[in-house]
Colleague: 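I'd like to ask some things about the structure below.
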Amino acid sequence: MTRARAQEPPPSYAAAKPFLEHLEDLRWTFIKSIAAFVLATAVCFVLRQDLLKVLTAPLPRNSGFLTSLGVADSFMISIKIAAFAGLIVSLPFILFFLGQFLLPALKSSEKRIIFPVLLSGFCLFVAGVLACYLFLLPITLKFFISDSAYMGIRPQWSIYNYISFVTQFAIGMGLSFEMPVVIVTLAKLGIITHEFLRQKRRYFIVAIFFLAACITPTSDIFTMTVVAGPLIILYEVCVWAAWSIERGRRKTG
């Protein structure tokens with residue numbers, strides 16, 4: 001009896017899923033995520049008129065800047081707006097499905113932080129989008145409008161170009177605001193330290209400006225600087241957070 005028990009595999013290996021079952025779980029995770037995105041996009045498509053008013057609100061009233069140049073612009077813009085809003089609405093569900101897929105493969109210490117990390121990631125993404133819409137976008141538009149007036153040029157923007165500018169700007173800022181989640185998670189797992197972040201600050205700042213250049217819809221130095229400013233502040237917050245995590249670890253250890 002003792003020898004038979006000794007030959008039994010450990011419970012963790014016995015309960016482990018075969019590789020093909022993991023692929024099946026991953027497939028269903030993709031299917032549920034895509035279904036959530038498509039459903040949210042369909043609902044947002046119905047509300048496209050109201051969403052367009054929200055996206056054009058940062059422009060001066062009765063400015064007459066926006067014009068349609070293509071026959072199908074109204075429909076293509078509706079799809080772009082609906083997809084942008086649908087991504088934000090469906091993101092909590094996508095992160096939840098991703099957490100369900102990752103949870104069984106994590107250690108007990110990692111399981112305790114997975115959902116806080118995903119929740120923080122969603123909140124920071126929304127914060128980045130709001131920061132872009134409420135702060136960065138009005139400043140950027142005001143700068144370009146003033147610069148056009150100084151040069152004696154009357155702005156006349158394509159509505160398709162404007163919506164592409166706003167959505168790319170907002171999504172880029174939302175993704176950039178995920179930086180604290182990555183850095184704090186690595187600090188929580190002990191992979192990086194606040195001393196490392198402090199010593200490599202200049203390299204991270206260069207990387208932030210490179211990232212800002214990638215996510216800004218235009219290539220001008222003004223927009224890039226406006227984007228990089230909040231990210232540098234977030235980086236400094238991450239340095240402090242890493243120091244706080246290490247201090248708490250030393251106290252408990």
Colleague: Exactly one of Leu55, Leu69, Leu52 should register a side-chain contact (heavy atoms from CB on, under 4.5 Å) with Ile159. Which one does?
Modeller: Leu52
Colleague: What's the separation between atom CD1 in Ile233 and atom SG in Cys238, rounded to the nearest 0.5 Å?
Modeller: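 Reported value, rounded in 0.5 Å steps: 12.0 Å.
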Colleague: Do Tyr203 and Lys200 have side chains that get closer than 4.5 Å, going by heavy atoms?
Modeller: yes
Colleague: Once rounded to the nearest 0.5 Å, what's the spacing between atom CD1 of Ile94 and atom NZ of Lys32?
Modeller: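 If I round to the nearest 0.5 Å, the distance is 12.0 Å.
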Colleague: Could you tell me whether the side chain of Ser244 and the main chain of Trp240 form a donor-acceptor pair under 3.5 Å?
Modeller: no
Colleague: Distance check, rounded to the nearest 0.5 Å: Ile88 atom CD1 versus Phe37 atom CZ?
Modeller: 11.0 Å
Colleague: Same cluster or not: Ile139 versus Val166, using hydrophobic residues (I, L, V, M, F, W, Y) connected whenever any side-chain heavy atoms lie under 4.5 Å apart?
Modeller: yes
Colleague: Measure from the side-chain N and O atoms of Ser146 to the backbone N and O of Phe143, and report whether any donor-acceptor pair falls under 3.5 Å.
Modeller: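 No, Ser146 side chain to Phe143 backbone: no donor-acceptor pair under 3.5 Å.
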Colleague: Drop me the distance from Met173's CE to Leu136's CG, to the nearest 0.5 angstrom.
Modeller: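 Atom-to-atom, Met173:CE and Leu136:CG are 5.0 Å apart.
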Colleague: Would a distance-only check, ignoring hydrogens and angles, find a side-chain to backbone donor-acceptor pair under 3.5 Å from Glu178 to Leu124?
Modeller: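 No, because the side chain of Glu178 does not come within donor-acceptor range (under 3.5 Å) of the backbone of Leu124.
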Colleague: Check whether any side-chain N or O of Asp147 sits under 3.5 Å from a backbone N or O of Phe144 as a donor-acceptor pair, and report yes or no.
Modeller: no
Colleague: Tyr133 side chain to Gly128 main-chain N or O, any donor-acceptor pair under 3.5 Å?
Modeller: no
Colleague: Would a 4.5 Å heavy-atom cut-off, applied to side chains only, mark Leu231 and Phe177 as touching?
Modeller: yes
Colleague: For the residue pair Thr140 and Phe222, what are the closest heavy atoms and their distance?
Modeller: CA-CE2, 4.0 Å
Colleague: Using the rule given for side-chain contact (heavy atoms from CB on, under 4.5 Å), can you reason through Ile171 versus Val129, listing the C-alpha separation, both sets of side-chain angles and the distance that settles it, and then say yes or no?
Modeller: CA-CA 6 Å; Ile171 291 176; Val129 172; 5.9 Å; no
Colleague: Indicate yes or no for a side-chain donor-acceptor contact from Tyr235 to the backbone of Leu197 under 3.5 Å, with no hydrogens or angles considered.
Modeller: yes
Colleague: Has Gln156 got a side-chain atom pairing as donor or acceptor with Thr67's backbone, closer than 3.5 angstrom?
Modeller: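 Not at all, since once roles are kept as given, no pair shorter than 3.5 Å links the two residues.
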Colleague: For Trp157 and Tyr162, take the angle between the two ring planes, folded into 0 to 90°, and tell me which bin it lands in: parallel under 30, tilted 30 to 60, perpendicular over 60.
Modeller: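 Correct class here is parallel.
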Colleague: Does any non-hydrogen side-chain atom of Pro180 lie less than 4.5 Å from one of Val237?
Modeller: no
Colleague: If I take atom OG from residue Ser158 and atom CG from residue Leu66, how far apart are they, to the nearest 0.5 angstrom?
Modeller: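 Answer rounded to 0.5 Å: 8.5 Å.
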Colleague: Is Cys214 close to Phe210 at the side-chain level, that is, under 4.5 Å between some pair of heavy atoms?
Modeller: yes
Colleague: Can you confirm whether Met224 sits close enough to Val227 that some side-chain heavy atom of one is under 4.5 Å from a side-chain heavy atom of the other?
Modeller: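 Met224 does not reach Val227 side chain to side chain.
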Colleague: Is the distance between the ring centroids of Phe165 and Phe169 less than 6.0 Å?
Modeller: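 For Phe165 and Phe169, the ring centres are under 6.0 Å apart.
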Colleague: If I take atom CZ from residue Arg48 and atom CD1 from residue Ile81, how far apart are they, to the nearest 0.5 angstrom?
Modeller: 9.0 Å
Colleague: Leu98 versus Ser33: any side-chain heavy-atom pair under 4.5 Å?
Modeller: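 SC-SC contact between Leu98 and Ser33 ruled out.
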